[in-house]
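What follows is a set of notes on a single structure, which appears directly below.
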Amino acid sequence: MNPTLYLLLSLLLFGLGAAGVVLRRNTLFMLLNLELMMNAVGLALVAASLAGLLEGQLIVLMVLAVAAAEVAIGIGILVSMVRLKDSPLVDLWNREEP
Amino acid sequence: MLWAASLALFAPLLGAILNGVFGHPFREKAHWPAVIAVGISMLASWWILGRVGFEPVVLDLYTWIPVANFVVPFGFYIDSLTAVMMGVVTTVSFLVHVYSIGYMHGDPGYRRYFAYLNLFVFSMLLLVLANNYALLFVGWEAVGLCSYLLIGFWYEKKSASDAGKKAFIVNRIGDAGFLLGIFTLFATFGSVRYDTVFQMVASNPHLYQGALVAATLFLFLGAVGKSAQFPLYVWLPDAMEGPTPVSALIHAATMVTAGVYMVARSHLLYSEVPQVGQLVASVGAFTALFAATMAMVNDDIKRVLAYSTISQLGYMFVAVGLGAYTAGIFHLYTHAFFKGLLFLAAGSVMHATHGELNMQKMGGFFRKMPHTAWTFLIGALALSGLPPLAGFFSKDEIIKHAYVTGHTFIWAVAVLTALLTAFYMFRLIFLVFFGKPRDAEIYAHLHESPPVMTVPLWILAAASVGAGWVGIGEEHSVFHRFLETALGEFHLVEWTVHRPAGVGLIALSVGVALLGILLAYSLYLLRKPDPALLARRAGFLYTLLKRKYYVDEIYNLFVVGTLRVTAKVLFWGVDRALVDGTVNGTGWTLAATGSVFRRWSSGFLRSYLLWILIGANFLVWFLLRSGGGH
Amino acid sequence: MIYFFWLFALLALIGALGVLLETHPVRGALYLLLAFLSIGFLYILAGAPFLGFVQIIVYAGAVVVLFLVAIAVMSLRRIPDDRDLGPRGFLALVFAGAFFLVMLALLRHAPVPAAPTPTPGAPQPLAEALFRQYLIPFEIVSVLLLVAIVGAIVLVRRRPGP
Amino acid sequence: MNHPLLGFLTAAGIVFFGVLGAAAYLVLAERKLAGYFQERYGPNRVGPFGLLQPLADLIKLVFKEEVVFPQSNRWLYLLAPGIIAVMALLPLAVIPFAPHFAVTDINVALLYVLAAASLGTYGVLLGGWASNNKYSLIGGLRTANQMISYEIAMALALVGVVLMAGSLSLKDIVAAQQHLWYLIPQFLGFVVFLVSMFAETNRAPFDLPEAEAELVAGYHTEYSSMKFAMFFVGEYIHMVVAAALMTALYLGGWYGPWKPGFHWFALKMALVLYLMIWVRWTYPRFRFDQLMRFGWKVLIPLALVNLGITGLVLLR
């Protein structure tokens, strides 16, 4: 139950999440991965609390709240994107080469 | 004393404001506030004339510019010189004001005219009363401004507005020199106040030799500009575009004499550097002769008078140049009266002929305009320097002084100019007043000017006769002893040669004058050697004089030309290439670097994310490298 | 007890990979749900039951539901090749891996000591800290949430007119 | 090693089967009561007074024909009813039925309950989506919306109770109600909790999602036989658990005037169940927008007010 195990897992999750965000073209999956990354951070903080830093859990609460807010806005953006361009693909929003 | 001076100074200012700003109610009656203001000023000046004592009265009203050590007070410096100048300025102004009521009657700009005139009197008094060079300069500029406004009074006329501009610009050139003079004075003496400067110069004269030369030269440059000496005289003949009373007041009696007054006021500086005095005198002499020659062939009455003013100013500069400051001022004093008279008389002639100035079209005016004719004759006689009249005493004294101090060449030029002066004055008289009227139509309409114009003429005529008597007896005359307090008690310039001045000298100058008159008589009245014939034979010489030595053309070619060329060079070379170059250059380089980076931010959203990830990597890597967690 | 950790860790990884690779939106969301639940349980295992259940309630119970609702409302379909395996994708993988390795190195360099006494599970000490030392961040987060809500509403409000 | 586990399993077994039996008979009770409300008899043909009716229903449902149709995701289609049933059962683990009898007790019991409630939404959502039918999808979405909104109200009401009891564990809460049931001080909270319970269990005024008239049968339109049974039973189990929760939180659990014990607990649960059935057959159904507006603009503010009052008045 030592924290390094937790840290390892959270690193792995974070790496996967980060790769996912950049790899996927569909905004929805980017948001999903993003959430995953936020959780990975939470996990790392819990590992820290395991190592004695009680505030770790507190900060996880904060991260959680922020992530929730972020999802709300993310979904909002997703909705407007789909509403405007009928497809959640991010590349539609690239600035065309002048 | 303070009350009188400030009253004299600020009354015209008040008049100017009343007429200028609140003048609407006075429309036709604009002359009342103006004339009253100048009248008060004149009375105050006479009062001061009577009360001025031995010691100069220095009064500081308030400090105008208190900047660090450059402290410029607004104050008066009243001594006999100031008193004389104020007396001359206010008296002539008063008479011109009265004259103008008639002359300018019915002119749409009536109110504006009197406002400017009052403003001019205020500025001239300020110039004369100032107790430091900076305030003097303010008056100097204000006077220049008023002359510009009055020359270009009928601004609809293009020639008038051009003349105004020309006068202002040429004056500015002189003023620039004047300013440099003030700077050098301030640099060396640390103050611009007369009393401190004179005090320091008096205490150890040889200490500031170099600076003094520079300062006096620059100040003289200012004087040349203002008093229309050679090379900066070109604006005065054109200044005749303005109304005649203006020419009479400004371009005969007051403004042009400012230069002479300034030199006289700084006589202490000039007497320390005799070689500069030599230069002043020679410039004065040359201008006198030069202007006289041009006056001989000119057909416009006012232009002839203008050249004659330049020539008389030349005389004054000869006097002050050679250290005879009192003689200079004396000639200034007398000249103001008879030249003012001549101009006003010419104005009256113009008034009668409805603006016709060409002498060739006139003739035989004597019978129709007796007053104007007689006063004109008296003025001409005074100017030519015949014994009983004022001109003789002042001009003769200058000639004698030149001879006494051994400047024979200047003396010779002065005598020759006296001859020419007499000649062109009587040429004018014979052409205008005697002989047969050449233009019937003008002659028919001739009528004598109204008394409001002729009365001042007669007063001035009396003055030009009587003014001279004050100065009989040179050194110990009333006038000289009076001015001694201001100009004399510092040591007079010691010239090496001191030749006795016999009676012969006086006889010579009178003879020369009579010769001039005789020549004019024979040439223009009896037409023995017909002037036209003479002109043709003179050929080149005549056309040269006629075209005023092509001086304007030369200026145009050199001064204006060079300015235009340099402007072009500056425009193309500096502005286009350098300035625009750098600006566009930076713009271009920015755009170039911008485009490089633009490719990097391709607008491809997900590449941004990638870069964030890469950034994170480096961040952590850096953290690791820098000793990791502690 | 320990093998519970490996179980949930494995489940979490499966969930993460699922989200990474899955193209069907709903299935992706469910993988995420799996990951969230397993992380929740991991929290409980790590002696923070309060946190674990809050995680379950908030993430599993609300966030994923929101995703599912969004997917359903917008009827998002599966986009077959939405994975970008071009140069950028490859670079992403490389750098994700690099990040992982670098962090590992950092970890080895500064190991995290195991705590002598495992923190008690009860929420009391947590609440104590939250409302005393960390009151201000708590308030700020609440404001943040308010702003986010308003923002979301404004963002998706159907503007009248074109 | 086996001792604690064994005890845990036996308790769990008792509770599970007890609740299943209760749910079954609750169905019968509802139909009987519905009849009496409408002045008619309920089912009384099967067995004495219709007591065997649940058994009959069970047999019927089990042997019903399995309708197969193209659904979007076979797995999810099967999983959905299971989720609902399981999530409904989970809270039973922490409810203290009798003084010393509870399956288990964790100090964050209430959170555990909330977690179970929030996960319940998935059953409905996935069920609606997986049955690949527009109506069921809309039904599913609406239910999800409804459950999430009322979950907030419920949680806030619970906070009031937690504030009073000072602990999240149900055992402590019940213990704290020895002298004073929380019904009295937390009456406002109780009302909010009661209403949100109706919403959570999709019953009575809040049963819009499977409203016959509009959405045919809501999310479980496409389900038949056993799967439908799961949904149906799930709902009733959820009702029983809700009642149990209410008694534990607000009615002082197993405390009673004379001998505190399970019988008090059972009596109170029965009362609450009767109330729920009674409400179902008297009040008309909410329209969806009224439902949402009521949830957000009335219930949640009320819960907050209750929270305020508890904080200010009661805790001084």
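In the text below, chain A, chain B and the rest are named by the order of the sequence lines, each starting its count at 1.
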Which answer fits [X], side chain, backbone, both or neither, if we ask what part of it has an atom under 4.5 Å from a heavy atom of chain C?
{"X": "Ile73(A)", "value": "both"}
{"X": "Val79(A)", "value": "both"}
{"X": "Ile77(A)", "value": "both"}
{"X": "Val66(A)", "value": "both"}
{"X": "Leu89(A)", "value": "side chain"}

With side chains defined as the heavy atoms from C-beta onward, is the minimum distance between [X] and [Y] less than 4.5 Å?
{"X": "Phe138(C)", "Y": "Leu61(A)", "answer": "no"}
{"X": "Val60(A)", "Y": "Val54(C)", "answer": "no"}
{"X": "Thr23(C)", "Y": "Asn26(A)", "answer": "no"}
{"X": "Ile39(C)", "Y": "Leu13(A)", "answer": "yes"}
{"X": "Leu45(C)", "Y": "Tyr6(A)", "answer": "yes"}
{"X": "Leu7(A)", "Y": "Met103(C)", "answer": "no"}
{"X": "Glu35(A)", "Y": "Val64(C)", "answer": "no"}
{"X": "Leu31(A)", "Y": "Phe67(C)", "answer": "yes"}

For the residue pair [X] and [Y], what are the closest heavy atoms and their distance?
{"X": "Met74(C)", "Y": "Leu78(A)", "answer": "CE-CD2, 3.6 Å"}
{"X": "Leu32(A)", "Y": "Ala29(C)", "answer": "CD1-N, 4.0 Å"}
{"X": "Glu22(C)", "Y": "Arg24(A)", "answer": "O-NH2, 2.7 Å"}
{"X": "Ala148(C)", "Y": "Ala69(A)", "answer": "CB-CB, 3.4 Å"}
{"X": "Ala46(C)", "Y": "Leu50(A)", "answer": "O-CD2, 3.6 Å"}
{"X": "Ala16(C)", "Y": "Leu16(A)", "answer": "CB-CD1, 3.7 Å"}

Let me know if [X] has heavy atoms under 4.5 Å from chain A in its side chain, its backbone, both or neither.
{"X": "Leu76(C)", "result": "side chain"}
{"X": "Ala35(C)", "result": "side chain"}
{"X": "Leu32(C)", "result": "side chain"}
{"X": "Phe95(C)", "result": "neither"}
{"X": "Ala70(C)", "result": "side chain"}
{"X": "Val19(C)", "result": "both"}
{"X": "Leu104(C)", "result": "both"}

Subject >> Atom CG of Leu84(A): over 12 foreign heavy atoms under 6.0 Å >> reply: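 Result for CG/Leu84(A): enclosed.
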
Subject >> Qualifying ring pair (Phe, Tyr, Trp, His ring centres under 6.0 Å) pairs with a residue from residues 10-34 of chain C, counting only residues at least two apart or across chains >> reply: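 Sorted result for residues 10-34 of chain C: His24(C)-Trp129(D).
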
Original post:
In terms of heavy-atom pairs under 4.5 Å with chain C, which of Val21(A), Ile59(A), Leu43(A) leads?
Top reply: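 Of the options given, most contacts go to Leu43(A).
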
Subject >> Side chain Tyr59(C), main chain Asn39(A), donor-acceptor under 3.5 Å >> reply: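 Side chain of Tyr59(C) to backbone of Asn39(A), a donor-acceptor pair under 3.5 Å: no, none is there.
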
**OP:** Find the one option among Leu66(C), Val63(C), Leu51(C) whose heavy-atom pairs under 4.5 Å with chain A are most numerous.
**Re:**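 Greatest number of close heavy-atom pairs with chain A: Leu51(C).
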
**OP:** Sorted by first residue and then second, give each side-chain hydrogen bond (donor to acceptor under 3.5 Å, both in side chains) pair with at least one member in residues 134-150 of chain C; sequence neighbours left out.
**Re:**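 Qualifying pairs: none.
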
Subject >> Intermediate values then yes/no, side chain to side chain contact (heavy atoms under 4.5 Å, CB included), Phe29(A) and Leu20(C) >> reply: CA-CA 8 Å; Phe29(A) 283 93; Leu20(C) 185 64; over 6 Å; no

Nearest 0.5 Å, please: how far is [atom2] in [Y] from [atom1] in [X]?
{"X": "Leu45(A)", "Y": "Tyr43(C)", "atom1": "CG", "atom2": "OH", "result": "7.5 Å"}
{"X": "Ile140(C)", "Y": "Met62(A)", "atom1": "CD1", "atom2": "CE", "result": "8.5 Å"}
{"X": "Leu12(A)", "Y": "Leu13(C)", "atom1": "CG", "atom2": "CG", "result": "5.0 Å"}

Subject >> Intermediate values then yes/no, side chain to side chain contact (heavy atoms under 4.5 Å, CB included), Leu93(C) and Val22(A) >> reply: CA-CA 9 Å; Leu93(C) 285 175; Val22(A) 182; over 6 Å; no

Original post:
So, do Phe99(C) and Phe14(A) have ring centers that fall under 6.0 Å from each other?
Top reply: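 That pair passes the under 6.0 Å test.
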
